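One structure is given here, and the rest of the page talks about it.
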Amino acid sequence: MAYWLMKSEPDVFSIDDLKRKKKEAWDGVRNFQARNYLRSMAVGDQVLFYHSSCAVPGIVGKAKVSKPAFPDPTQFNPDSDYYDPTSPPDNPRWSAVEVAFVSKLKAPLTLDELKTIEALSSMPLVKRGNRLSVMPVSSAEWAAIAARTAS
DNA sequence: GCCAACGTTGGC
DNA sequence: GCCAACGTTGGC
């Protein structure tokens, strides 16, 4: 069982959206490193849900992986923002997973706060200029975050 | 809205 | 295979 952190813009898809829908395909990832992380996920892996590009970026809830990686259908959909005409149908370039809602935090653990936690100092998340939208979380990092959150 | 940082593309 | 240009991410 592994831990992950996944970013989403709340204007596009928020923790409240996931809570309401229970499950959601996590598609649209178009970065090779993030894609490789998606492909290494297993059902039951735990996920920190992070809101990015918003007034108060931070961890807002938890989810878990409910389906392992499958070809991201949006890459073959010409009407999708994520359409990728260069992806070979017999060897799809992009993957998605399905995640299920677990909990919403009573209060977000803000990026400002995350930056002050020594145990998290090597996470790409807290590094300036970081753009990785899916990243692994170590058990020590998970524990440090869990110690500061209530759901 | 701005801009720094980064990944990707494409010319050579 | 290098690297400049470009587009995107994401904090502020």
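Naming: A, B, ... by sequence-line order, numbering from 1 per chain. Source: prediction; values computed, not measured.
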Legend entry - Under 4.0 angstrom between A:Tyr50 side-chain N/O and C:dG11 OP1 or OP2: yes

Inset, instruction - With sequence neighbours excluded, tell me which residues meet side chain to side chain donor-acceptor pair (under 3.5 Å) with A:Thr116. - result: none

Inset, instruction - For A:Gln33 and C:dT9, give me the distance from atom CD to atom P, rounded to whole Å. - result: 16 Å

Inset, instruction - Verify, without hydrogens or angle tests, whether A:Ser95 (side chain) and A:Arg39 (backbone) share a donor-acceptor contact under 3.5 angstrom. - result: no

Inset, instruction - For A:Ile59 and C:dG11, give me the distance from atom CD1 to atom P, rounded to whole Å. - result: 12 Å

Legend entry - Gap between atoms CG and C1', on A:Asp112 and C:dG10 respectively (whole Å): 14 Å

Legend entry - A:Tyr82 OH - C:dT8 P separation (whole Å): 12 Å

Inset, instruction - State which of B:dT8, C:dG11, C:dG10 makes the closest approach to the side chain of A:Asn31. - result: B:dT8

Legend entry - SB check A:Asp16 A:Lys104 (cutoff 4.0 Å): yes

Inset, instruction - May I ask you to decide if A:Glu118's main-chain N or O and A:Ser121's side chain share a donor-acceptor pair within less than 3.5 Å? - result: yes

Legend entry - Atom-to-atom span, NZ of A:Lys115 to P of C:dG10 - whole angstrom: 13 Å

Legend entry - C:dG10 phosphate, OP1 or OP2, under 4.0 Å from A:Lys7 side-chain N/O: yes

Legend entry - N/O donor-acceptor pair under 3.5 Å between A:Asp72 side chain and A:Gly28 backbone: yes

Inset, instruction - With rounding to the nearest 0.5 Å, note down the distance linking CZ in A:Phe49 to NZ in A:Lys62. - result: 14.5 Å

Legend entry - Nucleotide C:dG11, atom C1' - distance to CE of A:Met123 in whole Å: 16 Å

Short heteroatom pairs, N/O only, protein and nucleotides 2-5 of chain B, under 3.5 Å:
residue, atom, partner, partner atom, Å
B:dA4, O3', A:Arg128, NH2, 3.1
B:dA5, OP1, A:Arg128, NE, 3.0

Legend entry - Short side-chain N/O contact to C:dG10 OP1/OP2 from A:Lys127, under 4.0 Å: no

Legend entry - Distance in angstrom units between A:Met6 CE and C:dG10 P, rounded: 13 Å

Legend entry - Among B:dT8, C:dG10, C:dC12, the nucleotide that comes nearest once only the side chain of A:Phe32 is considered: B:dT8

Legend entry - Partners passing salt bridge (charged side-chain N to carboxylate O under 4.0 Å, His left out) against A:Arg93 (at least two apart in sequence or in another chain): A:Asp84

Inset, instruction - In whole angstrom, give the distance that lies between atom CG of A:Leu114 and atom P of C:dC12. - result: 11 Å

